[in-house]
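Everything below concerns the one structure shown next.
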Amino acid sequence: MYWDLNDILAEQTRLKCKFNQPVKGYGFLDQQDGDLSPDTLVDLPYWACFPLALENWADIDLPLFLQQKTRNDFKANATKVNLSQYCEFFYRFNHKLFQMQLDSEWRDLILVIFRERMQLIADYTVTAHYDPTCPFIHSLDQSERELYKAGIEANHDLKRWEQSSKLGDRKRKRV
């Protein structure tokens, strides 16, 4: 079986779980002894929340980036939103959240966010060198950073190839 480290890290994103029924012996999750009572709100990683929600043991509160105010920010200008502030593995984590049958509006918005941001990432890879002080670069999630680095490398490879090609043309002309 193949384990992707980035998937594992994405599943560590914490969510608020509100338990629907008592759970014996799990009071330690709420820093108390004994049982966990109904309506207790506990902060758990996604990998622990998801099965609880599937079995209707708990309800999951939506993360901050799924709330309407943040959705409006994304709709206004997705390139200005700091994705890493909300979730270091934003796209991977949203892919996990889609298993929970979220509304289709959010799925469509994720595609718009990705397209808008991808255009700017592509521009940065061609026109700029790596600048660690650039605010946009700091706002990228892990997947976007990987694409950005791959784009920078591809651009460098293209320039090296073009230069070697020009040298090759000169050598052929001399012969």
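No hydrogens, no waters, no symmetry mates; every other heavy atom, side chains included, goes into these values.
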Minimum heavy-atom distance Gln67-Leu62, with the two atoms named: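 Reported closest heavy-atom pair: NE2-O, 3.8 Å.
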Considering non-hydrogen atoms only, spot the tightest contact between Ala10 and Arg92 and give its length.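 That would be CB-CB, 3.9 Å.
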How long is the span from the [atom1] atom in [X] to the [atom2] atom in [Y], to the nearest 0.5 Å?
X: Leu109; Y: Thr70; atom1: CG; atom2: OG1; answer: 10.5 Å
X: Arg160; Y: Asn155; atom1: CZ; atom2: CG; answer: 10.0 Å
X: Asp7; Y: Gln12; atom1: CG; atom2: CD; answer: 11.5 Å

Taking the side chain as every heavy atom from C-beta outward, state whether Phe65 and Trp106 have any atom pair closer than 4.5 Å.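 The answer is yes; the side chains approach within 4.5 Å.
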Report yes if the distance between the aromatic ring centroids of Phe74 and Phe90 is under 6.0 Å, otherwise no.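 Yes; Phe90 has its ring centre under 6.0 Å from that of Phe74.
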Verify the ring-centre separation between Phe93 and Phe89: is it less than 6.0 angstrom?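 Judged by ring-centre distance (under 6.0 Å), Phe89 and Phe93 do not meet the cut-off.
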For the pair His95 and Phe98, name the ring-plane relationship: parallel under 30°, tilted 30 to 60°, perpendicular over 60°.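 Because their plane-to-plane angle is over 60°, the rings of His95 and Phe98 count as perpendicular.
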Starting from Leu158 and following side-chain heavy-atom contacts under 4.5 Å between hydrophobic residues (I, L, V, M, F, W, Y), which residues can be reached?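 Its cluster partners, ordered by chain and number, are Trp161.
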Is there a donor-acceptor contact under 3.5 Å from the side chain of Asn82 to the main chain of Gln85?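 Side chain of Asn82 to backbone of Gln85: a pair is present.
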Less than 4.0 Å between a side-chain N and a carboxylate O, is that true for Lys75 and Glu105?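 Judged by the 4.0 Å cut-off on N to carboxylate O distance, Glu105 and Lys75 do form a salt bridge.
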